[in-house]
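Lettering of chains follows the sequences in order, A, B, ..., and the numbering in each one begins at 1.
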Number of protein chains: 2
Amino acid sequence: MRIGDLATACGLTAKTIRFYEQAGLLHAPPRTSGGYRDYPSEVTSRLAFVGDAQSAGLTLAEIRSILALRDSGEAPCSHVTNLIHEHLADIEKRMSELRKTRTALRGLADRAAGTDPSTCTDADICSIIGGSTRG
Amino acid sequence: MRIGDLATACGLTAKTIRFYEQAGLLHAPPRTSGGYRDYPSEVTSRLAFVGDAQSAGLTLAEIRSILALRDSGEAPCSHVTNLIHEHLADIEKRMSELRKTRTALRGLADRAAGTDPSTCTDADICSIIGGSTRG
DNA sequence: GTAGACCTTCCAGCGCGCTGGAAGGTCCAG
DNA sequence: CTGGACCTTCCAGCGCGCTGGAAGGTCTAC
């Protein structure tokens, strides 16, 4: 199976598949006599795994580490479990940051609603934003 | 006031201030006879504004657009209000994506808790993750 | 034999907000 | 006059996951 067919089958581009190979997610496949990559069909399930893991929020580096464990014959279960919990913690952190920013922005939106542009003087640059800590 | 003093006063580095100038957030200041940047003290409040706007989640490009309006003599109020609402919408979107990913990860964590590594076969790569769409 | 669809490699850039380093100039204290 | 603290410019890289393009090779259909 050539790279274009594999790409179509997996909903990726040939570029992306070459990139995954270079990133260590895929083994280099055998080549045809003309130098074309010639993939066995099992690669589709490996790529499906990569997609599943990505949609779970894992990075390519993490996915590579899982695949490397599996390729070396070990069950990556506990490694995967750790990664999952790390990502959950990371998501909580990012969500709390977003909530903080959202609170700040809502305050600004409230202030903006009560702002009259004609009273906005140049010295402040912008009284909606700028006054928050200085005024 | 030289760049290092301004940096100290604003809690930034000289590098960052030069970068801001190059990014169009600061006007190029006059120079001393030796070629050093010589800032008027008002620049501190401009930099404070940049910091306030950044902590509200605005990008440097957006902040530049606000400053450009102000520099041209217009009150940027309505522009700023638009930006605030766009960012609020963006935050909601990102939070809902994070919630979705979190739900997926929690499902995986539950599955992981019930997984016995010895039953994990190579064909699946990882039954915790990989089985999610193919199991 | 030729068009064109596919493949190959390599190098570069995206966005974002800086940060680091090299190679050199300026200014002040001792 | 020397050291060193500061400044200047320019170029490069970070992380992340691709994506684009150039320059060329291969295979198939007509």
Side-chain angles (χ1 to χ4, degrees), chain A residues 1-26 28-39 43 46-47 49-67 83 86-87 90-91 93-94 97-98 101, chain B residues 1-26 28-39 43 46-47 49-67 83 86-87 90-91 93-94 97-98 101:
Chain A
M1 165 179 239
R2 286 189 311 179
I3 196 167
D5 301 327
L6 181 61
T8 304
C10 297
L12 300 169
T13 67
K15 281 266 184 197
T16 300
I17 292 172
R18 281 187 214 103
F19 171 76
Y20 283 175
E21 177 180 327
Q22 195 222 309
L25 297 170
L26 297 181
R31 302 288 179 123
T32 67
S33 58
Y36 290 6
R37 286 173 178 82
D38 186 20
Y39 291 96
V43 176
R46 194 174 173 105
L47 284 171
F49 172 77
V50 171
D52 288 346
Q54 269 195 299
S55 63
L58 302 195
T59 65
L60 293 188
E62 289 165 342
I63 298 168
R64 179 176 55 222
S65 72
I66 295 171
L67 290 168
L83 287 177
E86 276 168 27
H87 271 267
D90 184 52
I91 282 178
K93 207 176 101 198
R94 281 158 61 194
E97 274 160 18
L98 282 181
T101 304
Chain B
M1 167 178 235
R2 287 190 309 181
I3 197 167
D5 301 328
L6 180 62
T8 305
C10 297
L12 301 169
T13 67
K15 281 263 185 202
T16 300
I17 291 173
R18 281 188 213 104
F19 171 76
Y20 282 174
E21 177 181 327
Q22 196 223 309
L25 298 170
L26 298 181
R31 301 289 179 123
T32 66
S33 57
Y36 290 6
R37 287 175 178 82
D38 187 21
Y39 291 97
V43 177
R46 194 175 175 104
L47 284 172
F49 172 78
V50 171
D52 288 345
Q54 270 195 298
S55 63
L58 302 196
T59 66
L60 293 188
E62 289 165 341
I63 298 168
R64 180 176 54 221
S65 72
I66 296 171
L67 290 168
L83 288 177
E86 277 168 28
H87 272 267
D90 184 53
I91 282 178
K93 208 176 101 197
R94 281 159 61 194
E97 274 160 20
L98 282 181
T101 304

B:Tyr20: partners by side-chain hydrogen bond (donor to acceptor under 3.5 Å, both in side chains), with sequence neighbours left out: B:Gln54

Pairs touching residues 5-18 of chain B that satisfy salt bridge (Lys or Arg N to Asp or Glu O under 4.0 Å), sequence neighbours left out: none

Those residues that, when tested against B:Thr59, pass side chain to side chain contact (heavy atoms under 4.5 Å, CB included) (two or more places apart): B:Ala61, B:Glu62

Atom pairs under 3.5 Å, N or O on each side, protein against nucleotides 27-30 of chain D: can you list them with distances?
{"from": "D:dC27", "atom 1": "OP1", "to": "A:Gly34", "atom 2": "N", "distance (Å)": "3.4"}

A:Gln22 CD to C:dA12 C1', straight-line distance once rounded to whole Å: 13 Å

Integer-rounded Å distance: D:dC7 P and B:Tyr39 OH: 10 Å

Sub-4.5 Å side-chain heavy-atom contact between B:Phe19 and B:Leu25: no

Presence of A:Arg18 side-chain N/O under 4.0 Å of D:dG20 phosphate oxygens OP1/OP2: no

A:Lys15 NZ to D:dA22 C1', straight-line distance once rounded to whole Å: 10 Å

Pairing residues for A:Arg37 by the side-chain hydrogen bond (donor to acceptor under 3.5 Å, both in side chains) criterion, not counting sequence neighbours: A:Glu21

A:Glu21 CD to C:dT9 C1', straight-line distance once rounded to whole Å: 12 Å

Phosphate contact (D:dT9 OP1 or OP2) by B:Arg31 side-chain N/O below 4.0 Å: yes

For A:Arg2, all residues meeting salt bridge (Lys or Arg N to Asp or Glu O under 4.0 Å), sequence neighbours excluded: none

By side-chain hydrogen bond (donor to acceptor under 3.5 Å, both in side chains) - contacts of B:Thr13 (at least two apart): B:Thr16

Spacing of A:Ile3 atom CD1 relative to D:dT26 atom P, expressed in whole Å: 17 Å

I'd like a table of atom pairs between the protein and nucleotides 16-18 of chain D - only N or O on both sides, under 3.5 Å - with the distance next to each one.
{"from": "D:dG17", "atom 1": "OP2", "to": "A:Leu60", "atom 2": "N", "distance (Å)": "3.3"}
{"from": "D:dC18", "atom 1": "OP2", "to": "A:Tyr20", "atom 2": "OH", "distance (Å)": "2.8"}
{"from": "D:dC18", "atom 1": "OP2", "to": "A:Gln54", "atom 2": "NE2", "distance (Å)": "2.8"}

5' precedence on DNA chain C between B:Thr13 and A:Gly4 (nearest-nucleotide basis): A:Gly4

Residue list, salt bridge (Lys or Arg N to Asp or Glu O under 4.0 Å) with A:Asp38, at least two apart or on another chain: none

Student check: side-chain heavy atoms of B:Ile66 and B:Leu58 closer than 4.5 Å: yes

Results of side-chain hydrogen bond (donor to acceptor under 3.5 Å, both in side chains) for A:Arg46 - residues two or more places apart only: A:Asp71

Residues which pass side chain to side chain contact (heavy atoms under 4.5 Å, CB included) with A:Ala56, listed by chain and number, not counting sequence neighbours: B:Leu105, B:Leu108

Whole-Å gap separating P (C:dC6) and CD1 (A:Ile17): 14 Å

End-to-end axis angle, where each axis spans five pairs of the helix from C:dG1-D:dC30 to C:dG30-D:dC1, to 10°: 30°

Whole-Å gap separating P (C:dC6) and CE (A:Met1): 15 Å

